[in-house]
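Written below as structure tokens is the structure these notes are about.
Reminder, nothing fancy here: chain letters follow the sequence lines and each chain counts from 1.
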Protein chains: 2
Amino acid sequence: MPDKDADKSQNSLFVGTLSKGLRVLRAFDESHTSLSLAELVARTGLDKSAVQRLAYTLHVEGMLDKDPTSRRFRPSHAWLELAYAYYWSDPLIARAMPKLVALSRSIGETVNLAQMSGDHIIYALRLPNQRTQFAASIVGRRLPAIATAAGRVMLATWPQPEWETAVATWPIQAVTPKTVTDREEIRQDVEQAMRNGFTITANQMILNEISVALPIRGVDSRAQAAVQVSVSAHSFDFDRVRREILPALQDTANGILA
Amino acid sequence: MPDKDADKSQNSLFVGTLSKGLRVLRAFDESHTSLSLAELVARTGLDKSAVQRLAYTLHVEGMLDKDPTSRRFRPSHAWLELAYAYYWSDPLIARAMPKLVALSRSIGETVNLAQMSGDHIIYALRLPNQRTQFAASIVGRRLPAIATAAGRVMLATWPQPEWETAVATWPIQAVTPKTVTDREEIRQDVEQAMRNGFTITANQMILNEISVALPIRGVDSRAQAAVQVSVSAHSFDFDRVRREILPALQDTANGILA
DNA sequence: TATGCCGTATCGCATAGTGATACAATAAAA
DNA sequence: TTTTATTGTATCACTATGCGATACGGCATA
């Protein structure tokens, strides 16, 4: 029996053609919003004829739109339909939604639901306010977990050996000049989140933004999700966040318990 | 040369294996949130071995999660990542987002951005309030275009022969006992939307909900998107909607012009 | 306990998908 | 404007990938 994990393409269950098709889909991202055939070839590393066939099939199947004039491809509405199916499949989303909406309305700030996704977090629900940047308003964004308040409070609920390994090994990405990249400092923040049950960060993903997060624990006490609020550092400091945002956030997180 | 349009599977560019993989993905929807191998076989019509290979590949590629105990499959976070790429690819989203957020905050009601998608509309952005049902809070939902306020106001900006054909032939789905299914009545509503520049409906998709929508026209005056607000029929009637919601909605739509 | 169903694993086979290639169309450079 | 380069489209011979059939173990149901 072939080694299932050594090289997935050596496993006889693996369907290479489907894998290549997914590679074409994944060529599109925030910096590649529409792509020509040649660009798809470059970005996927596949042969030109293969890309022609795969892109044609994705287009016929409604996964890609093709501009008749420029002949460039771009994501279709079908990508939003997949998000729709995802939302129904994750019971936490339906439980969290009304509570996040209520919180967002009551405090007037940006509210997010983040989930652990490998060594990153992904934003599953985003309730922006008028200050929120576009990139921070849309679902599906992934950020390195240990660089974010949400990631750190989830890790803080894991067994210590696990979160310490995560802090020591997971990727760090400096997004602002003030992003903390010292792993010891991150470790201390996670440790403090263990004690406090929440964490507050500033300037990590967006300059002049303060972020406060609480974990949403599962039945085993281990969190795979967190609620998180962003506020402007021009209007808040850590003390004001603790007084004015944290109580409502704690009530919200408690009401969503997994 | 094969006839490109007669039967896509007879076209030599068409990749059947990729198409089958997409069929597996599409087996998941709001009523099928997790699926066993056998259920995937039933829902896709594919052979059991094929489904085993396709599902395995989608899992290895991170598109499906597989519960190790129940061995059921469900959508993964990758589906949200696709939505993220879609949002960047559609310039209207970035333009509309801050204006819809502002409108939502100022009137306190549910605000949506809908787009035409074949003979349906699809909700690309949704800013729910505390009353909003879950199904009306999440992106990616598709509804028959002519049954919705948003669909009708978009059609109202199309050349008359085109929208009349749409009204005569596109599918109708009765979602509530009060959903209008008479095509003549729908035609009159679209005609009125041509004159007024907006439409108001009640009880069509949700009982006791009033919906008001305005088109977002492109440079050719033809709308492929609309902004739409939902309010409770317990708190509003048509006159109150015209007085209190419509002016702000008109300002918002004007500020998003494509 | 027996039977049925489901998930997993394997195999021989044939066709589906491949990469190479040619050519038309378009873009870019001279 | 002309020439050259690049891109997109179309076709073909070939082979390896993916197929359906089948067997078997595990689990659920009767």
Side-chain angles (χ1 to χ4, degrees), chain A residues 1-28 32-61 63-74, chain B residues 1-28 32-61 63-74:
Chain A
M1 170 184 291
D3 184 347
K4 283 174 187 170
D5 300 315
D7 179 351
K8 64 192 181 186
S9 60
Q10 281 177 340
N11 189 310
S12 63
L13 286 178
F14 192 74
V15 180
T17 304
L18 175 55
S19 174
K20 288 174 180 174
L22 295 174
R23 231 149 117 190
V24 172
L25 290 184
R26 290 191 170 119
F28 296 88
H32 305 87
T33 57
S34 84
L35 292 164
S36 66
L37 203 73
E39 287 165 343
L40 281 170
V41 169
R43 284 185 59 70
T44 61
L46 299 171
D47 185 84
K48 179 172 71 173
S49 310
V51 173
Q52 179 191 6
R53 287 187 297 270
L54 295 167
Y56 170 84
T57 304
L58 290 167
H59 171 61
V60 162
E61 290 288 345
M63 293 300 295
L64 291 178
D65 289 334
K66 183 176 184 182
D67 185 285
T69 303
S70 65
R71 297 192 282 195
R72 296 175 71 82
F73 296 92
R74 52 172 280 225
Chain B
M1 166 184 290
D3 184 347
K4 285 174 182 170
D5 301 317
D7 180 353
K8 64 192 183 189
S9 60
Q10 281 177 340
N11 188 309
S12 63
L13 286 179
F14 191 75
V15 179
T17 304
L18 175 55
S19 173
K20 289 175 182 174
L22 296 175
R23 228 147 119 192
V24 172
L25 291 182
R26 291 189 169 121
F28 296 89
H32 304 88
T33 57
S34 85
L35 292 164
S36 66
L37 203 74
E39 286 166 341
L40 281 170
V41 167
R43 282 186 60 70
T44 60
L46 300 169
D47 184 83
K48 179 172 70 174
S49 309
V51 174
Q52 179 190 6
R53 288 187 296 271
L54 296 166
Y56 170 84
T57 304
L58 290 167
H59 170 60
V60 163
E61 291 290 346
M63 293 301 297
L64 291 179
D65 290 335
K66 182 175 184 182
D67 184 283
T69 305
S70 66
R71 297 193 280 195
R72 295 174 74 81
F73 296 93
R74 53 172 281 224

Exercise. Hey, mind stepping through A/F28 and A/L40 against side-chain contact (heavy atoms from CB on, under 4.5 Å) and telling me if it holds?
Worked result: CA-CA 9 Å; A/F28 296 88; A/L40 281 170; 4.0 Å; yes
Problem set entry | Contact pattern, 5' to 3', of nucleotides 16-22 of chain D - B, S or - by protein heavy atom under 4.0 Å | -SSBBB-
For this session: Answer with yes or no whether the side chains of A/R23 and A/T44 bring together a donor and an acceptor at under 3.5 Å.
Result: no
For this session: Of all the heavy-atom pairs spanning B/L13 and A/T57, show the shortest one and how long it is.
Result: O-OG1, 3.5 Å
Exercise. To the nearest Å, how far apart are A/Y56 OH and C/dT18 P?
Worked result: 15 Å
Seminar exercise, completed: Separation of C/dC5 atom C1' from B/R72 atom CZ, nearest Å, is 14 Å
Problem set entry | Whole-Å gap separating C1' (D/dT11) and CG (B/N11) | 12 Å
Exercise. Do the non-hydrogen side-chain atoms of B/F14 and A/V60 ever get within less than 4.5 Å of each other?
Worked result: yes
For this session: Establish, from distance only, whether the side-chain atoms of B/R74 and B/S34 form a donor-acceptor pair under 3.5 Å.
Result: no
Exercise. Would you call A/F73 and A/L58 a side-chain contact if the rule is heavy atoms closer than 4.5 Å?
Worked result: no
Problem set entry | Annotated protein contacts, base or backbone, on nucleotides 25-30 of chain D with a non-hydrogen cut-off under 4.0 Å, one of B, S, - each | ------
For this session: Test B/L22 against B/R26 for side-chain contact (heavy atoms from CB on, under 4.5 Å), laying out the working first.
Result: CA-CA 6 Å; B/L22 296 175; B/R26 291 189 169 121; 4.1 Å; yes
For this session: Kindly say whether A/D65 contributes a backbone atom to a donor-acceptor pair with the side chain of A/H59 at under 3.5 angstrom?
Result: no
Problem set entry | Candidates D/dG8, D/dT11, C/dG7 - which lies nearest the side chain of A/S36 | D/dG8
